[in-house]
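Comments concern the structure below.
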Amino acid sequence: MPAEANKAVSPLSWVIITGLGFVLFVGAAVTLMIFSNKSANMSPQVYFFLLIFAALIASGFLFGALKAHAKYSGQLHNGTLVLGGPAVIFCLIIYFGLKLSPVADSFDIKFIVFADESKNELVDGGVLKVLFNKPDSARVENGSVIFNDLPVNLLGKSITVTPAVAGYYRQSQQVTIPVDGHTSIELHLKKKPDSLKVSGLVVDIQGQPVPDVLIVLADGQYKTNADQLGNFSLILPIKDGTELPVRIYMGKKLRFNSTQIFSSKVPLTLQLNKL
């Protein structure tokens with residue numbers, strides 16, 4: 001009969017090959033534990049994936065190659081827990097892997113800035129000033145601010161944050177950084193009432209200033225008087241660009257009646273009608 005093309009691997013060769021595989025992957029797991037903290041780019045997810053992979057392969061080599069009889073025996077809930085060799089190796093690698101898991105030396109923190117307590121509106125724009133070990137600040141964009149690479153000794157610590165956002169009160173707040181370093185911190189701002197400073201000049205048909213006239217806005221809700229040079233100014237609880245009806249009285253006679261657009265950037269010039 002012709003010689004067989006493939007000969008079965010001898011038991012000794014199989015033990016040597018798989019034994020080397022076992023040692024190799026145990027060594028890989030130990031190397032991963034030792035050097036994981038020195039690798040700044042390794043995330044915990046990657047670390048544990050590689051650790052479990054190495055533990056499973058090492059246990060597989062031990063089970064299939066050496067058929068080890070090593071075992072751990074202990075009491076557990078009034079019973080006896082017995083683990084065979086592969087299970088012991090797997091559990092030991094995972095146990096020491098957890099003990100020696102990489103510890104981040106920095107973290108990022110995210111602030112979510114709401115316009116009110118209802119969480120219906122996010123703030124966009126302005127600056128958030130934060131007092132960590134030293135003052136820092138970042139712009140609020142789409143309701144969020146992220147500070148990167150903060151030292152881990154800040155976890156669980158109380159810090160002072162001060163929002164500087166147009167239209168909102170600038171009130172400092174004390175917040176605590178979550179100990180997990182991942183949970184976002186919510187900030188709720190208090191909106192200022194709308195306020196607009198407007199000014200203008202009252203003139204006659206020839207363009208000459210008219211003094212001491214009464215200016216009535218929004219059907220009598222707001223009133224003011226022009227000074228000796230015909231100038232007037234007042235602060236209104238409205239937004240820039242709001243339209244309001246304006247009436248001007250000289251004595252008891254109505255001399256102006258029209259709707260005007262109010263802006264802090266453009267002073268009004270109100271010309272009286274002819275008598």
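Please read these numbers as outputs of a predicted model, since none were measured by experiment.
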With no hydrogens and no angle check, is any side-chain donor or acceptor of Lys157 less than 3.5 Å from a backbone partner on Asn153? yes
Please name the pair of heavy atoms, one in Leu268 and one in Phe262, separated by the smallest distance, quoted to 0.1 Å. CD1-CE2, 3.5 Å
For residues 187-199, tabulate all N or O donor-acceptor pairs below 3.5 Å that involve a side-chain atom, not counting sequence neighbours.
residue: His188; atom: ND1; partner: Asp116; partner atom: O; Å: 2.9

Does one hydrophobic cluster hold both Val175 and Val113, with members joined at side-chain heavy-atom distances below 4.5 Å? yes
Asp240 vs Ser263, test: side-chain contact (heavy atoms from CB on, under 4.5 Å). Steps then yes/no. CA-CA 5 Å; Asp240 200 300; Ser263 172; 3.1 Å; yes
Report whether Phe256 and Met250 are members of the same hydrophobic cluster (ILVMFWY, side-chain heavy atoms less than 4.5 Å apart, transitive linking). yes
So which of Val123, Asn120, Leu122 actually passes side-chain contact (heavy atoms from CB on, under 4.5 Å) with Phe114? Leu122
For Thr162 and Ser172, test the side chains for any donor-to-acceptor distance below 3.5 angstrom and give the result as yes or no. yes
Quick test of your reading of the model: are Arg247 and Asp219 salt-bridged, counting only N-O distances below 4.0 Å? yes
Is it the case that the side chain of Asn148 and the backbone of Asp108 share a donor-acceptor pair, with hydrogens and angles ignored and the cut-off at 3.5 Å? no
Between Ser137 and Val127, the two heavy atoms sitting closest are CB-CG1, 3.8 Å
Between Gln271 and Asp204, do the side chains contain a donor N or O and an acceptor N or O under 3.5 Å apart? no
Using modelled atom types and a 3.5 Å cut-off, is there a donor and acceptor pairing between side-chain atoms of Thr31 and backbone atoms of Gly27? yes
Derivation of the side-chain contact (heavy atoms from CB on, under 4.5 Å) call for Thr183 and Ile185: CA-CA 7 Å; Thr183 305; Ile185 298 176; over 6 Å; no
For Thr160 and Gln174, does a side-chain donor sit closer than 3.5 Å to a side-chain acceptor? yes
If two hydrophobic side chains count as joined below 4.5 Å and joins carry through other members, does Tyr222 share a cluster with Val213? yes
Looking only at side-chain N and O atoms, does Arg170 offer a donor or acceptor that is under 3.5 Å from a partner on Tyr168? no
Does the ring centre of Phe132 sit less than 6.0 Å away from the ring centre of Phe147? yes
